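The chains referred to below are lettered A, B, ... by the order of the sequence lines, with proteins before strands, and numbering in each begins at 1. Please read these numbers as outputs of a predicted model, since none were measured by experiment.
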There are 2 protein chains.
Amino acid sequence: MNVTGHTRRPASIRDVATAAGVSYQTVSRVINGHPSVRPSTRERVLAAIEELGFRRNATALALASGRSRAVTVLTANTTHYGYASILQGIEEAARAASYAVGIGVLESAEDAAVTAEVQRAADAGGGIVVIAYDPAGVRALGAVPAGLPVVGVVETPASPPGGDRPWVWTDDREAAYQATSHLLSLGHETVHYVAIPSSTRRTSARTSGWRQALQEAGAPEPRPVQSSWGPAGGHAAGLKLARDESVTAILCGNDDLALGVLRALHESGRSVPGEVSVAGFDDAPHSAFLTPSLTTVRLDFTGLGRSAFALLHGVLEESAPVAPHPVSVPELVVRESSGPPPAGH
Amino acid sequence: MNVTGHTRRPASIRDVATAAGVSYQTVSRVINGHPSVRPSTRERVLAAIEELGFRRNATALALASGRSRAVTVLTANTTHYGYASILQGIEEAARAASYAVGIGVLESAEDAAVTAEVQRAADAGGGIVVIAYDPAGVRALGAVPAGLPVVGVVETPASPPGGDRPWVWTDDREAAYQATSHLLSLGHETVHYVAIPSSTRRTSARTSGWRQALQEAGAPEPRPVQSSWGPAGGHAAGLKLARDESVTAILCGNDDLALGVLRALHESGRSVPGEVSVAGFDDAPHSAFLTPSLTTVRLDFTGLGRSAFALLHGVLEESAPVAPHPVSVPELVVRESSGPPPAGH
DNA sequence: GCGCCTTGTGTGACCGGTCACATTCATGCG
DNA sequence: CGCATGAATGTGACCGGTCACACAAGGCGC
């Protein structure tokens with residue numbers, strides 16, 4: 001134990017070496033578990049390490065060895081429930097592997113800002129995880145220079161990506177399909193959709209899952225209402241839909257939108273689920289406690305984050321236990337906000 | 001522009017030096033803006049930098065200079081709205097100052113786990129910000145070795161801390177006071193309080209603000225209901241309070257708790273605000289869209305995060321523009337969930 | 001014409017590790 | 001007994017920057 005009150009410079013391997021009466025290289029061997037060190041020597045070194053409170057300097061390690069045991073997560077927002085959960089999952093897995101986690105927020109989707117942020121992440125060394133559900137994220141994923149270890153957390157890709165693309169996703173197309181089918185099975189003639197901003201393609205995975213369910217059921221296919229990410233967007237969309245008497249079921253791109261829609265329906269005097277059924281997406285923690293509680297599809301964001309890290313970890317270290325396709329399965333959660341359509345529909 | 005397709009090793013200052021026909025030290029002078037470099041030389045070096053796409057290696061910089069231009073944020077959770085907003089604020093300010101942001105999650109409040117996480121943060125070099133609203137955070141703040149640059153984001157301290165304590169806080173005592181006074185001014189005989197887990201002291205700042213308002217009004221002081229952080233805890237507490245007919249006003253430690261309380265009151269058949277008024281804390285984004293929309297106190301978490309970084313920045317670089325006491329002012333937001341008590345009370 | 005200060009530039013050591021190679025000594029085997 | 005082999009350890013260079021100092025050239029005062 002170092003009992004001197006001073007905040008002295010931390011001990012280096014050379015300090016340990018002199019204390020143990022060996023060369024610095026032997027110390028290096030001990031801390032790296034190299035086999036050919038005589039047990040008695042190892043013991044002496046370990047004692048010196050303990051006594052001096054030695055801790056290996058991460059910066060020096062990174063500089064000398066090239067590997068930095070760090071991940072930088074690039075995201076458009078830390079506040080959004082889904083994003084925050086993914087981040088939490090990444091951090092959890094990274095911590096278990098003793099990796100450091102960095103974070104960069106893509107404040108604007110503007111090209112210059114995004115590439116600047118990607119550069120910073122690249123400079124930090126280590127791997128990169130990009131949360132690419134929105135335009136900023138997609139742009140960032142595209143801006144990562146080739147050759148850098150990167151994993152994207154993306155929407156369900158249109159076509160199964162070629163084998164070893166370093167992407168993870170939840171099956172949100174399937175999720176949208178399930179939610180839509182659920183509403184249809186209750187007897188609704190069709191289901192309207194309030195969409196989150198699509199990442200890049202005209203139709204997002206969620207949109208196409210919804211569409212597929214409608215088509216299979218032979219239901220009419222209303223135009224999706226483009227909205228934003230937050231409850232305010234859902235509110236605006238909801239007011240519009242509320243004016244249309246024929247609307248009896250609404251699927252929302254996420255739970256925040258659904259919240260806004262519920263509010264708009266309430267303000268418009270349309271009861272849920274009596275006159276209109278509403279379903280959300282994500283199963284945010286508050287959704288179960290709304291009045292009416294929200295029917296939604298639960299996605300395992302934390303698990304998604306863990307998978308993303310696992311994939312990156314495999315890329316960074318050849319010990320690659322890269323699970324082939326870490327797709328987690330969405331789960332429909334039926335609550336109060338969905339029910340049969342009113343009689344006469 | 002480097003047009004070779006290869007992902008070659010990035011250029012170092014020595015590469016730039018040879019390309020420009022100067023010594024590496026001159027390159028270092030140029031990138032650091034040292035004055036005594038002949039303009040013509042500077043120009044040549046800058047051209048070489050541009051041509052080779054040189055970017056200064058952050059790791060080497062950190063190792064050589066000791067300063068690492070990085071902050072690690074320690075938090076118990078990334079998902080919670082308040083915490084996530086603080087993080088976002090820190091990141092924003094850090095990015096503006098070209099600092100890197102790291103994150104560590106304190107998964108358990110257990111001593112060993114917390115100190116391990118603090119160690120990791122310390123090893124990363126740079127500064128540390130600890131979000132210390134909960135037991136895990138408080139413990140982490142305490143576990144940071146003396147001499148390390150650290151800033152705590154804390155509850156309103158019981159006594160004004162001695163001058164230059166590196167802490168930031170929002171005035172949540174004042175906020176609780178405001179919310180409670182608001183409810184009393186509507187005519188409620190008293191206000192019940194559903195508390196978030198206190199960080200460490202018996203009574204949190206929020207609790208004491210609430211208590212102060214009651215005392216000043218000469219209102220009876222019911223025992224606060226201890227709860228958790230999430231809506232589930234609020235729900236449980238709400239069910240309990242709903243059974244007591246005399247309860248007409250409830251203040252909740254945060255908006256998530258309030259959500260649970262609203263739900264519990266609904267399930268118990270007590271109308272809001274007709275029979276019971278409810279107020280929350282934080283003004284989370286969804287609170288405005290609940291039915292009824294939630295009366296709450298808005299706290300500027302993002303600004304709090306920015307202040308935390310500014311303070312840390314001041315500690316790390318002697319250029320210290322350390323704003324004396326970055327306390328932001330809470331703002332009461334009155335919405336539908338609060339109103340006068342029912343007649344007869 | 002000499003010394004002195006200032007400006008511009010280069011050299012060597014260092015931060016704290018790792019890596020490639022050299023060296024020493026004990027063993028096994030023909 | 002001589003030599004190849006392998007275990008245990010040490011030496012020097014290197015990663016990519018910074019820092020302290022040395023040194024050359026030019027301007028100025030006297």
Does the [N] base have a donor-acceptor partner in the side chain of [X] within less than 3.5 Å?
X	N	answer
A/Arg14	C/dG17	yes
A/Arg55	C/dG16	no
B/Arg38	C/dT7	no
A/Arg9	C/dG16	no

What is the separation between atom [atom1] on [X] and atom [atom2] on [N], rounded to the nearest whole Å?
X	N	atom1	atom2	answer
B/Tyr24	C/dC14	OH	P	13 Å
A/Leu52	C/dG16	CG	C1'	15 Å
B/Leu61	D/dC19	CG	C1'	13 Å
A/His34	C/dT18	NE2	C1'	13 Å
B/Gln25	C/dG8	CD	C1'	12 Å
A/Leu63	C/dG16	CG	P	12 Å
A/Arg67	C/dG16	CZ	P	20 Å
A/Arg29	D/dT11	CZ	P	11 Å

- For the residue pair A/Phe54 and A/Asp15, establish whether any side-chain heavy-atom pair is separated by less than 4.5 Å.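 No, their side chains stay 4.5 Å or more apart.
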Report yes if a side-chain nitrogen or oxygen of [X] is closer than 4.0 Å to either non-bridging phosphate oxygen (OP1 or OP2) of [N]; otherwise report no.
X	N	answer
B/Asn32	D/dT18	yes
A/Ser23	D/dG10	yes
B/Arg56	D/dT18	yes
B/Thr26	C/dG10	yes
A/Ser28	C/dG17	no

- Message: Which nucleotide wins on minimum distance to the side chain of A/Ser36, given the candidates D/dG17, D/dA8, C/dG17?
- Response: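 Nucleotide nearest to A/Ser36's side chain: D/dA8.
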- How is B/Thr59 classified with respect to the nucleic acid when contacts are heavy atoms under 4.0 Å: base, sugar-phosphate, or nothing?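 B/Thr59: no heavy atom of the nucleic acid under 4.0 Å.
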- Message: Between B/Arg14 and B/Ser23, does the side-chain contact (heavy atoms from CB on, under 4.5 Å) criterion hold? Intermediate values first, please.
- Response: CA-CA 7 Å; B/Arg14 319 203 186 225; B/Ser23 79; over 6 Å; no
- Message: The test is salt bridge (Lys or Arg N to Asp or Glu O under 4.0 Å); show your working for A/Arg67 and A/Glu317 and say whether it passes.
- Response: CA-CA 9 Å; A/Arg67 335 157 210 138; A/Glu317 307 185 6; over 6 Å; no
- Message: Quick one, B/Ile90 with B/Arg306, criterion side-chain contact (heavy atoms from CB on, under 4.5 Å). Give me CA distance, side-chain angles, the key distance, then yes/no.
- Response: CA-CA 5 Å; B/Ile90 294 172; B/Arg306 282 193 297 264; over 6 Å; no
- Working for side-chain contact (heavy atoms from CB on, under 4.5 Å), residues A/Arg42 and A/Ser40: CA-CA 5 Å; A/Arg42 179 190 315 278; A/Ser40 63; over 6 Å; no
- Item | Nearest-nucleotide 5' precedence on DNA chain C, B/Ala64 against B/Ser40 |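 The residue whose closest nucleotide sits nearer the 5' end is B/Ser40.
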